[in-house]
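Numbering of residues begins at 1 and proceeds along the displayed sequence. Note that the structure is predicted; figures quoted are calculated from it, not measured.
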Amino acid sequence: MVVYDLIPLSHPHFVGERRTRRFEEYLKQVATHADMILAISATVRRELEVTLPELMAGQPYCRKICDFPLGAE
(Lines give C-alpha, C1' and ligand atoms only; values in the text may rest on other atoms or scores of the structure.)
Protein backbone atom coordinates (compact mmCIF):
# COMPACT_ATOMS: atom_id res chain seq x y z
CA MET A 1 0.00 0.00 0.00
CA VAL A 2 1.16 3.53 -0.76
CA VAL A 3 0.19 6.30 1.65
CA TYR A 4 0.27 9.85 0.27
CA ASP A 5 -0.82 11.67 3.40
CA LEU A 6 -2.82 11.42 6.61
CA ILE A 7 -4.94 14.53 6.02
CA PRO A 8 -8.22 12.80 7.00
CA LEU A 9 -6.68 12.08 10.41
CA SER A 10 -4.57 15.21 10.88
CA HIS A 11 -7.11 17.69 9.48
CA PRO A 12 -10.55 16.07 9.70
CA HIS A 13 -12.33 19.41 9.26
CA PHE A 14 -11.20 19.37 5.60
CA VAL A 15 -12.86 16.04 4.77
CA GLY A 16 -15.71 15.64 7.24
CA GLU A 17 -16.48 13.14 9.95
CA ARG A 18 -17.71 10.35 7.68
CA ARG A 19 -14.61 10.32 5.45
CA THR A 20 -12.35 10.56 8.47
CA ARG A 21 -14.01 7.49 10.01
CA ARG A 22 -13.81 5.57 6.73
CA PHE A 23 -10.15 6.48 6.22
CA GLU A 24 -9.34 5.37 9.76
CA GLU A 25 -11.06 2.01 9.21
CA TYR A 26 -9.32 1.59 5.84
CA LEU A 27 -5.92 2.35 7.36
CA LYS A 28 -6.57 -0.18 10.14
CA GLN A 29 -7.44 -2.88 7.60
CA VAL A 30 -4.39 -2.15 5.50
CA ALA A 31 -2.07 -2.07 8.52
CA THR A 32 -3.50 -5.41 9.65
CA HIS A 33 -3.05 -7.19 6.30
CA ALA A 34 -0.13 -5.45 4.54
CA ASP A 35 3.37 -6.88 4.34
CA MET A 36 4.81 -3.40 3.82
CA ILE A 37 3.49 0.16 3.80
CA LEU A 38 5.12 2.71 1.48
CA ALA A 39 4.98 6.42 2.20
CA ILE A 40 5.69 9.09 -0.41
CA SER A 41 8.13 10.92 1.87
CA ALA A 42 10.09 10.58 5.07
CA THR A 43 7.61 12.97 6.69
CA VAL A 44 4.61 10.77 5.91
CA ARG A 45 6.58 7.70 7.07
CA ARG A 46 7.28 9.37 10.42
CA GLU A 47 3.60 10.35 10.74
CA LEU A 48 2.62 6.72 10.15
CA GLU A 49 5.16 5.50 12.70
CA VAL A 50 3.52 7.75 15.29
CA THR A 51 -0.11 7.27 14.23
CA LEU A 52 -0.32 3.50 13.72
CA PRO A 53 0.54 2.43 17.29
CA GLU A 54 -2.18 4.78 18.60
CA LEU A 55 -4.69 3.77 15.92
CA MET A 56 -4.12 0.03 16.32
CA ALA A 57 -4.40 0.13 20.15
CA GLY A 58 -2.31 -2.94 20.89
CA GLN A 59 -3.49 -5.02 17.91
CA PRO A 60 -0.83 -6.51 15.64
CA TYR A 61 -0.04 -4.45 12.53
CA CYS A 62 2.55 -4.06 9.78
CA ARG A 63 5.66 -2.42 11.19
CA LYS A 64 7.60 -2.37 7.92
CA ILE A 65 7.08 1.22 6.81
CA CYS A 66 9.35 2.60 4.10
CA ASP A 67 9.44 5.80 2.10
CA PHE A 68 10.42 6.78 -1.43
CA PRO A 69 10.76 10.20 -3.02
CA LEU A 70 8.32 11.29 -5.71
CA GLY A 71 9.75 12.75 -8.89
CA ALA A 72 12.86 12.06 -10.91
CA GLU A 73 16.50 12.97 -10.59
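Proximity of a side-chain donor or acceptor of Thr20 to a complementary backbone N or O of Pro8 within less than 3.5 Å is detected.
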Let me see the working for Met36 and Cys66 under side-chain contact (heavy atoms from CB on, under 4.5 Å), right down to the final yes or no. CA-CA 8 Å; Met36 179 172 60; Cys66 302; 3.8 Å; yes
With side-chain contact (heavy atoms from CB on, under 4.5 Å) as the criterion, how do Thr32 and Met56 come out once you've worked through the C-alpha distance, each side chain's angles and the decisive distance to 0.1 Å? CA-CA 9 Å; Thr32 300; Met56 298 307 291; 3.4 Å; yes
Begin from the C-alpha positions of Ile37 and Leu48 and carry the test side-chain contact (heavy atoms from CB on, under 4.5 Å) through to its verdict. CA-CA 9 Å; Ile37 299 172; Leu48 280 165; 3.9 Å; yes
Please report the C-alpha distance between Asp35 and Lys64 in whole Å, then the side-chain angles of each, then the deciding distance to 0.1 Å, and finally whether the side-chain contact (heavy atoms from CB on, under 4.5 Å) criterion is met. CA-CA 7 Å; Asp35 293 322; Lys64 186 174 182 181; over 6 Å; no
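Looking at Leu27 and Leu9, their side chains come closer than 4.5 Å, going by heavy atoms from C-beta outward. Side-chain contact check for Leu38 versus Asp67: every heavy-atom pair is 4.5 Å or farther apart.
Residue Phe68 places its CZ atom among more than 12 non-hydrogen atoms of other residues, nucleotides or ligands, all under 6.0 Å distant.
Annotation for Val44 and Ile40: closest pair CG2-CG1, 4.3 Å, computed over non-hydrogen atoms. Shown here for Leu55 and Lys28, the closest heavy-atom pair between the two residues is O-CE, 3.5 Å. Leu52 and Ala31 make their closest contact through CD2-CB, 3.9 Å (heavy atoms, listed as atom of the first residue, atom of the second, distance). When all heavy atoms of Cys62 and Ala34 are compared, the pair lying nearest together is CB-O, 3.4 Å.
In this structure, CD on Glu24 lies 16.0 Å from CZ on Arg19, to the nearest 0.5 angstrom.
Using a 4.5 Å cut-off between side-chain heavy atoms of Ile, Leu, Val, Met, Phe, Trp and Tyr, with links allowed through other members, Tyr4 and Phe14 fall into different hydrophobic clusters. Hydrophobic clustering, with ILVMFWY side chains joined whenever heavy atoms are under 4.5 angstrom apart, keeps Ile7 apart from Leu70.
A salt bridge does not link Arg21 to Glu25: none of the charged side-chain nitrogens sits closer than 4.0 Å to a carboxylate oxygen.
At least one cation-pi condition fails for Arg22 and Tyr26: the charged atom is not both under 6.0 angstrom from the six-membered ring centre and inside a 45 degree cone around its axis.
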